[in-house]
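Structure first, commentary second.
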Amino acid sequence: FNSRGEGTEVHFGRWLIEGSPYVILFDIGAAAWNLDRWKGDLWNACSIGLPYHDREANDSLIFGSLVAWFFKELTDQLQDKPNVIAHFHEWQAGTGLLLSHFRKIPLATIFTTHATLLGRYLCAGNADFYNNLDKFNIDREAGERQIYHRYCLERAAVHCAHVFTTVSQITAVEANHMLHRQPDVVTPNGLNVRKFSAMHEFQNLHSMNKAKIQEFVRGHFYGHLDFDLEKTLFFFIAGRYEFSNKGADLFLESLSRLNYLLRVHKSDVTVVVFFIMPAKTNNFNVESLKGQAVRKQLWDTAQFVKEKFGKRLYESLLRGEIPDMSKILDRDDFTIMKRAIYGTQRHSLPPVTTHNMLDDSTDPILSNIRRIGLFNGRNDRVKIVFHPEFLSSTSPLLPMDYEEFVRGCHLGVFPSYYEPWGYTPGECTVMGIPSVTTNLSGFGCFMEEHVSDPSEYGIYIVDRRFRSADESCNQLTQFMFSFCQQSRRQRIIQRNRTERLSDLLDWRYLGRFYMYARHLALSRSFPSEFKMDHLNITQGFRYPRPSSVPPSPSASLHSTPHHSDEEDDDTYDEEEEAERDRQNIKAPFTLGAEPEGKSKQPLENGK
């Protein structure tokens, strides 16, 4: 569009996602020539200066200036018919809110922080963050990390917005200390939940995709495949490679302890753990590729011998004879099979990583694997596969996309220390896969608040806020050990319950908190036109503890490490439980009219 003879490039169209919403894209590169002038505008408006070398901050200023310019043109044409609500997410978008506020553009504004800027930096630096929230010198900490200007942009946007929201209660506590404003509304992150017409289709998908993972394991562990794949459980952790923030440090130590427990109890369960975290590599390692080649070669050999065997069996039956099994395979067949078996011999242990790592000696995951000594030995009941690349269906090693892989696993483990929301356990939940989370993640706090006994629904919540690291590690170990003790039937029951929790995470429910925030912003921005009434919103979300048999031995541990299917009680009724849960998510609750003490904007008197 053009305004006052100054043009910039803008694209308008449909976003290629579900629902195909309209989208406006501003080309910040085409408008970069205005940067110095816009830096002056920002300084005149709020006395915040941006250093020339901070590319991200400069880009946010260009974007924010374009957004403010756009809203000025838009509101001038609309003339309050209708009123405009602008929702800004994160500090990178906050500059547009700042400029709109100081230019007095008639907008209702909402600012959402998904994680505070300084919170990410402090946690990445291994600070004891949550126990010292009230002790940090915020200005000094931001200055030492050379992000003071970014912090100022974020804090100013928070205080200029009519409504301030965060994605979870734990982030609300953080924001209150870091940004000095209590959020008006918590707006949890939702998912577009896709329900299958067949009630247990997700169980079938689990079985199908588990078979694909088993094929990979057959190849990766060739020559050491002395464990029963039918009694093998697949655990995984996935996400950005933030070793401490994502809880990979706690997870590895817990795996060492789990390995000890399984060996001491002489368990016949094997756990294969996948770490799906992108790191610097220079391609697949030879051993991993060779493993899949050996597996395929064995499969081809078996098919060849099976075809010859079948043909001879068929001809023998046609003659009306019962074949002599000692003669149906000849010497050549045995030679082929012996050569195939000889080809599976291996003089090294299966690799713990699928790729050649560039920083092998200093990589945090590999360093900790060396420390705890989990090298995929024959006696280890816990095996580790570090896949330092996001999954792809075109991979020659593990040809699965992320959704298929998650569906094929038994448990997702995400013991995060810093996780403002946590989409990974949420994605597990909507796919019917149990997961481990913590009470320092938004997702974990949400489930603690809305489910009476989360572990019965396959949501295991590790206490990382009020326990020491060692206690948290022992708790995570016990969760995983209890999960290993479940029978197949107990795991199926638990997956049914987990999948039913997906209703809690559906945007059809959680979107209503955004609706409330928008109503609140309108009532504060245009008080003469909009009055905030009590909104009845279906929150639901208070699942009771299931009355039938617990699916997990964690509720009452048996003396033996494993239960047979016959030991399970028959009091479980899937239909009855499902109907009761459906009723529990329909209980209405009321969001108040106007949060107390929030009727004024924090900066409206220049404060």
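Just so you know, these numbers use all the heavy atoms, side chains as well, and skip hydrogens, waters and symmetry mates. Owing to the predicted nature of the structure, the values given are computational and were not obtained by experimental measurement.
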Let me confirm one number: the [atom1]-[atom2] distance from [X] to [Y], rounded to the nearest 0.5 Å.
| X | Y | atom1 | atom2 | answer |
| --- | --- | --- | --- | --- |
| R145 | L117 | CZ | CG | 10.5 Å |
| I384 | T353 | CD1 | OG1 | 11.0 Å |
| T477 | L250 | OG1 | CG | 7.5 Å |
| M357 | N285 | CE | CG | 10.5 Å |
| F235 | C484 | CZ | SG | 4.0 Å |
| F227 | F221 | CZ | CZ | 5.0 Å |

Salt bridge (charged side-chain N to carboxylate O under 4.0 Å, His left out) filter on E154, not counting sequence neighbours, yields none
Salt bridge (charged side-chain N to carboxylate O under 4.0 Å, His left out) against D360, all qualifying residues, sequence neighbours excluded: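 In terms of salt bridge (charged side-chain N to carboxylate O under 4.0 Å, His left out), with neighbours along the sequence ignored, D360 is linked to R370.
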Pair [X] + [Y], salt bridge at N-O below 4.0 Å:
| X | Y | answer |
| --- | --- | --- |
| R497 | D453 | no |
| R495 | E499 | no |
| E419 | R464 | no |

Kindly determine whether T424 and K246 satisfy side-chain contact (heavy atoms from CB on, under 4.5 Å), including the steps that lead there. CA-CA 11 Å; T424 40; K246 297 298 182 184; over 6 Å; no
Under the ring-ring contact (aromatic ring centres under 6.0 Å, His included) rule, what do F414 and F443 come out as? Steps first, then yes or no, please. CA-CA 11 Å; F414 314 103; F443 176 84; 8.9 Å; no
Using the ring-ring contact (aromatic ring centres under 6.0 Å, His included) criterion, which residues pair with F164? Sequence neighbours excluded. none
Give the ring-plane orientation class for F479 versus Y460, where under 30° counts as parallel, over 60° as perpendicular and anything between as tilted. tilted
Would the distance check show the side chain of D380 and the main-chain N or O of L374 forming a donor-acceptor pair, the cut-off being under 3.5 Å?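 No.
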If only atom types and distance count, is the side chain of Y457 paired as donor or acceptor with the main-chain N or O of R500 below 3.5 Å? no
Picking from F236, F251, F243, what satisfies ring pair (Phe, Tyr, Trp, His ring centres under 6.0 Å) with F275?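 Only one option passes, and that is F251.
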With T109 as reference, evaluate H162, H101, H87 under the side-chain hydrogen bond (donor to acceptor under 3.5 Å, both in side chains) test and give the passing residue.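 Considering H162, H101, H87, a side-chain hydrogen bond (donor to acceptor under 3.5 Å, both in side chains) with T109 is found only for H162.
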Shortest non-hydrogen contact from G442 toward I170: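 Looking at all heavy atoms of both residues, the shortest contact is N-CG2, 3.9 Å.
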Closest heavy-atom contact between G239 and F390?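 Of all heavy-atom pairs spanning G239 and F390, the closest is O-CE2, 4.2 Å.
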Tell me yes or no: between the side chains of [X] and [Y], is some donor less than 3.5 Å from an acceptor?
| X | Y | answer |
| --- | --- | --- |
| R55 | N58 | no |
| R257 | N474 | yes |
| S416 | T438 | no |
| S168 | T171 | yes |

Could you please spell out the steps behind the ring-ring contact (aromatic ring centres under 6.0 Å, His included) verdict for Y151 and W91? CA-CA 8 Å; Y151 167 71; W91 72 269; over 10 Å; no
